[in-house]
Novice: 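Just passing along the structure, written as C-alpha cells.
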Amino acid sequence: MSIEANIPTNDKRGNAFVMNRYRFKTIVSSIIPIPIENVDTDQIIPARFLKATTREGFGENLFRDWRYNQSGNKNADFVLNKTEFKGNILVGGENFGSGSSREHAAWAIFDYGFRVVVSSFFADIFKNNALNNKLLPVQVSEKFLAKIFATVEKDPKSELKVDLENQTITILATGESENFDINPYKKTCLLKGYDDIDYLMSLKNEIEAFEKARI
Amino acid sequence: MVKEIEGGPSVLYIDRHLIHEVTSPQAFAGLDKRGLKVFRPKQTFATPDHNVPTKDQHLTIRDELSRTQVEKLTENCNRHGISIYGLNHPWQGIVHVVGPELGITQPGMTMVCGDSHTSTHGAFGTVAFGIGTSEVEMVLATQCIMQPKPQKMLIEINGKLGKGITSKDIVLYIISKITASGGTGYFIEYTGSAIRNLSMEARMTICNMSIESGARGGLIAPDEITFEYLKGREFAPKVNDWDKAVAYWKTLKTDDGAEFDKVISYNAEDIEPMITYGTNPGMGMKINDTIPTGNEFSDNNKNTFLKSLKYMDIEPGSKMLGHKVDYVFLGSCTNGRIEDIRAFANFVKGKKKADNIIAWIVPGSKQVEKQAQKEGLVQILEASGFEFRQPGCSACLAMNDDKVPEGKYAVATSNRNFEGRQGPGARTFLASPLTAAAAAITGRVTDPREFL
C-alpha cells in the first residue's frame with residue numbers, strides 16, 4: 001500500500017519505534033459473552049475511574065459496577081467472575097460502546113487482556129478508539145452473533161478464530177464462518193503496528209501547504 | 001480536507017480544538033514520548049470542567065486525583081502555550097458552553113474535543129464532533145485527524161411548538177423515535193420552521209444530544225439568529241472582518257435538492273413534554289404516556305428492555321406521571337446555559353421547593369453564573385429554596401461530589417440516563433428544565449403545563 005511508503009520508521013531521536021510495536025496476529029480463543037444490547041461506555045468504565053493521567057491500569061475497573069456490588073464484593077452472576085469463561089475475545093450485543101467518547105473504554109478492554117471485540121453493531125467513536133488502540137472491532141451479522149452466543153451457551157470453552165489478514169471470523173466448533181469489513185488503511189496499521197500519528201507526521205508539508213492555501 | 005486516502009479515512013484539518021482535564025493528559029504524555037511540540041497552540045483552548053467541585057472553587061480541590069488532573073491540564077497548557085481558563089478565571093466553564101459564548105465556535109469551521117458532546121457546536125453550522133484521546137494527540141501534533149466520511153441524515157420539524165415545550169423535548173422526542181443507535185454513522189442536519197424559530201441556546205441543546213442517537217454530529221445552517229448571537233463576542237471576527245465573515249457564513253447552507261441518505265419529518269404539534277424511563281436516551285416518551293410492557297419487542301430487545309426497567313425499579317406498563325423523585329439536577333452542556341436557568345427560575349418564582357427534593361442548580365460557566373446573578377435569578381432560586389452552585393459538569397457524570405445515591409431517582413436536564421451515570425446505582429429521568437422545575441416543586445414527575 002502507498003501508505004506504507006509514507007510511514008517513518010524512526011522517530012526524531014532516531015529510535016526505530018515502529019519496529020517494536022504490537023502487531024495484530026490471527027487469534028484463536030475462547031470468548032467472554034455479554035449478550036446485552038447498548039453496552040455503553042459508562043458500564044465499560046464508569047466516569048469516576050477516569051481520573052488517571054496515564055493510559056495503563058484501567059482494566060482493573062472494567063465493567064466495575066457489573067463486576068462488583070455496592071459493598072465491593074464480586075457479583076457471582078457476572079460473566080467476568082465466572083471461572084468457566086476465559087479468553088481474549090469479548091462478544092457483546094448490538095450497539096456496543098455507545099455513549100461517551102472516552103478512549104478509556106478501549107484502554108480498559110485492552111488492558112484487561114482482550115484483543116478483539118465482536119458485536120453486530122458498534123458505536124462510531126468507540127470503534128475508532130478501539131482501532132487506535134490495537135483492539136480489533138469485528139462487526140458480524142445479527143444471525144452470526146446469535147450463533148456465537150448459542151455455541152458458547154452450549155460449551156463455554158468453544159473457540160473463535162479471528163483472521164485479520166483474510167478478514168474472517170470462524171466458530172471452530174461448527175466451522176461456520178463470516179467475513180468482516182475493515183478499512184484497508186486501518187488493517188495495514190494493525191497488521192504492521194503503525195498508528196495515525198506516524199502517518200500524519202509524515203504529511204506535515206502537505207498540512208502546512210493546506211494552511212497557506214486557505215488564508 | 002488535506003488529503004483523501006484511497007479506501008481509507010480522509011485527513012481532516014481542524015480549525016478549533018477544545019480540551020479539558022480528563023481526556024487530554026494521556027495525549028500530552030504521548031507527545032512527550034515522541035518528542036513533539038503542539039503544532040498550532042493558538043487553535044486549542046482549554047478549561048477544566050468534568051472533575052471540578054461546584055462549591056468553594058476558590059479553595060484547593062480536595063479530591064487528590066481530580067486535583068492532579070486539573071493541575072496537569074494547567075501545566076500542559078502553560079508548557080505548550082495553549083490558552084487556559086482555569087477555575088478562578090471569569091471564562092471557566094463546561095467546554096461546550098464556553099466555546100460558543102466566547103465566539104470560539106464559528107460557522108463553517110471544523111471543531112473537535114475529546115468529549116462526545118462536541119456535537120453541541122453544530123448549532124452554528126460548525127462541523128463539530130467528539131474524538132478519543134489518540135485523536136486529541138493527533139490534533140495537538142498535526143492539527144489533523146483521520147476520519148471516514150459520514151452519511152447524511154436530514155431531520156425536518158415543521159409547525160409550532162406548544163406551550164411549555166422546549167428544544168430538549170424536541171431532541172428527546174427525536175431519539176425516542178430513531179432510537180439510541182439510529183443515528184450511528186450519520187451527521188444529522190436539523191431543519192424546518194420549528195428549528196429555525198429556536199434561539200441559539202435552544203439549538204445547541206438539540207445538536208448537543210445528536211450523539212445520543214449515535215450520530216457523530218448534528219448541524220443547523222447558520223442564519224441571522226446565529227450572526228446576532230456571535231456579534232461582539234470575544235473571539236468573533238471584529239469590526240473590519242465582521243461583514244466579510246457574515247457574507248461567507250451566509251453561503252453555508254445546504255443546496256436546495258441536496259441528496260441525503262435518510263430524510264425524516266416530524267410535526268412540531270405532535271411533540272409534548274418528554275421524559276425517559278429507562279437506561280438509554282432512546283427510552284423516552286411523552287410525559288403522560290404509558291411505559292411499554294415489553295411485549296411490543298422481539299425477544300432480544302425485550303430482555304434488554306426488562307433488564308433496564310429492573311435497574312430503574314419501574315413496572316413495565318406503568319405511568320411515569322406521579323412517580324417519586326428524590327433529586328433534581330439543572331445543568332450540563334445540554335441545559336446549563338442562561339436561558340435554561342431563566343426558564344427554571346421563572347417557573348419556580350413564588351413557589352417552594354418540595355421538601356423531599358435535593359436540587360442542584362449548576363450554571364454551565366462563570367459567565368452564566370454572573371449573568372444569573374445580574375438578572376436576579378439567583379435571588380429567585382434561593383427564595384424558592386434552591387442552592388445555586390458553581391460551574392462544571394457536576395451531576396451529569398458524577399465525577400465530582402455531586403452524586404445521586406444508590407436507588408434514588410433524579411430528574412436531570414443532562415443527556416444520559418445510563419446505569420450509574422449520576423452515581424453508582426443512581427436512577428435518572430432525563431427531561432427539560434421546565435419538567436425538572438415542575439418535579440422540584442411537586443416532588444414527583446409532573447407535567448409542567450399544569451403550571452403554565
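The sequence lines fix the lettering, A, B, ..., with proteins before strands; numbering per chain opens at 1.
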Novice: Please identify, among Asn95(A), Asn133(A), Leu200(A), the residue contributing the most non-hydrogen atom pairs under 4.5 Å to chain B.
Specialist: Leu200(A)
Novice: List the residues meeting ring pair (Phe, Tyr, Trp, His ring centres under 6.0 Å) with Tyr13(B), not counting sequence neighbours, and say none if there are none.
Specialist: Phe210(A)
Novice: Asp115(B), Asn415(B), Thr142(B): which one forms the most heavy-atom pairs within less than 4.5 Å of chain A?
Specialist: Thr142(B)
Novice: Measure Phe121(A) against the heavy atoms of chain B and call it side chain, backbone, both or neither at under 4.5 Å.
Specialist: side chain
Novice: So, the side chain of Asp111(A) versus the backbone of Glu56(A): is there a donor-acceptor pair under 3.5 Å, distance only?
Specialist: no
Novice: Please flag which part of Asp15(B) lies under 4.5 Å from any non-hydrogen atom of chain A: side chain, backbone, both or neither.
Specialist: side chain
Novice: Under 4.5 Å from any heavy atom of chain B, what part of Asp124(A) do you find: side chain, backbone, both or neither?
Specialist: both
Novice: Given that the side chain runs from C-beta out, which part of Val11(B) has a heavy atom under 4.5 Å from chain A: side chain, backbone, both or neither?
Specialist: side chain
Novice: Does the pair Met111(B) and Ile14(B) meet the rule for a side chain to side chain contact (heavy atoms under 4.5 Å, CB included), with working shown?
Specialist: CA-CA 6 Å; Met111(B) 192 160 178; Ile14(B) 301 303; 5.9 Å; no
Novice: For Pro9(B), is it the side chain, the backbone, both or neither that has a heavy atom under 4.5 Å from a heavy atom of chain A?
Specialist: both
Novice: So which residue, Asp65(A), Thr41(A), Asn38(A), Leu50(A), ends up with the most heavy-atom pairs under 4.5 Å with chain B?
Specialist: Leu50(A)
Novice: In terms of heavy-atom pairs under 4.5 Å with chain A, which of Gly425(B), Gly214(B), Pro424(B), Cys113(B) leads?
Specialist: Pro424(B)
Novice: Tell me, side chain or backbone of Glu21(B) under 4.5 Å from chain A's heavy atoms, or both, or neither?
Specialist: neither
Novice: Taking the side chain as every heavy atom from C-beta outward, state whether Asp196(A) and Asn132(A) have any pair of such atoms under 4.5 Å apart.
Specialist: yes
Novice: If you tally heavy-atom pairs under 4.5 Å against chain A, which of Ile145(B), Val136(B), Asn301(B) wins?
Specialist: Asn301(B)
Novice: Whether the side chain of Asp163(A) engages the backbone of Glu165(A) through a donor-acceptor N/O pair (distance < 3.5 Å, no angle test) should be reported.
Specialist: yes
Novice: Answer yes or no on whether Arg64(A) is positioned over the face of Tyr68(A), meaning its NZ or CZ is under 6.0 Å from the six-membered ring centre and within 45° of the axis.
Specialist: yes
Novice: Using heavy atoms and a sub-4.5 Å threshold, report which of residues 22-29 of chain B line up against chain A, by residue number.
Specialist: Val22(B), Thr23(B), Pro25(B), Gln26(B)
Novice: Quick one: list whatever passes side chain to side chain donor-acceptor pair (under 3.5 Å) with Ser414(B), sequence neighbours left out.
Specialist: none
Novice: Please state whether the side chain, the backbone, both or neither of Glu406(B) comes within less than 4.5 Å of a heavy atom of chain A.
Specialist: side chain
Novice: At a 4.5 Å cut-off on heavy atoms, which part of Asn303(B) comes close to chain A: side chain, backbone, both, or neither?
Specialist: neither
Novice: Answer yes or no on whether Arg216(B) is positioned over the face of Tyr186(B), meaning its NZ or CZ is under 6.0 Å from the six-membered ring centre and within 45° of the axis.
Specialist: no
Novice: Under 3.5 Å, is there a donor on one side chain and an acceptor on the other for His117(B) and Glu212(B)?
Specialist: yes
Novice: Does Arg79(B) come within less than 4.0 Å of Asp32(B), counting only side-chain N to carboxylate O?
Specialist: yes
Novice: Looking only at side chains, do Ser71(A) and Asn69(A) share a donor and an acceptor under 3.5 Å apart?
Specialist: yes
Novice: Which answer fits Thr304(B), side chain, backbone, both or neither, if we ask what part of it has an atom under 4.5 Å from a heavy atom of chain A?
Specialist: side chain
Novice: Is Ile131(B) close to chain A through its backbone or its side chain, or both, or neither, when contacts mean heavy atoms under 4.5 Å?
Specialist: backbone
Novice: Using non-hydrogen atoms only, which part of Arg421(B) is less than 4.5 Å away from chain A: side chain, backbone, both, or neither?
Specialist: both
Novice: Are Asn88(A) and Val116(A) close enough, and set up right, to give a side chain to side chain contact (heavy atoms under 4.5 Å, CB included), and what steps lead you there?
Specialist: CA-CA 7 Å; Asn88(A) 55 17; Val116(A) 177; over 6 Å; no
Novice: Taking the six-membered ring where the residue is Trp, are the ring centres of Tyr199(A) and Tyr194(A) under 6.0 Å apart?
Specialist: no
Novice: Can you tell which of Lys403(B), Met1(B), Lys72(B) has the highest number of heavy-atom pairs within less than 4.5 Å of chain A?
Specialist: Met1(B)
Novice: Using a cut-off of under 4.5 Å for heavy-atom pairs, which of Lys186(A), His104(A), Arg102(A) has the most such pairs with chain B?
Specialist: His104(A)
Novice: Angle class for the His96(B)/His121(B) ring planes (parallel below 30°, perpendicular above 60°, tilted otherwise)?
Specialist: perpendicular
Novice: Please classify the contact of Thr53(A) with chain B as side chain, backbone, both or neither, using a heavy-atom distance under 4.5 Å.
Specialist: both
Novice: Heavy-atom distance under 4.5 Å to chain B: side chain of Gln70(A), backbone, both or neither?
Specialist: side chain
Novice: Does one side chain, of Gln422(B) or Thr428(B), offer a donor that lies under 3.5 Å from an acceptor on the other?
Specialist: yes
Novice: Relative to chain A, which of Gln147(B), Gln143(B), His50(B), Glu135(B) shows the most heavy atom pairs under 4.5 Å?
Specialist: Glu135(B)
Novice: What residues form a side chain to side chain donor-acceptor pair (under 3.5 Å) with Asp63(B), not counting sequence neighbours?
Specialist: Ser66(B)
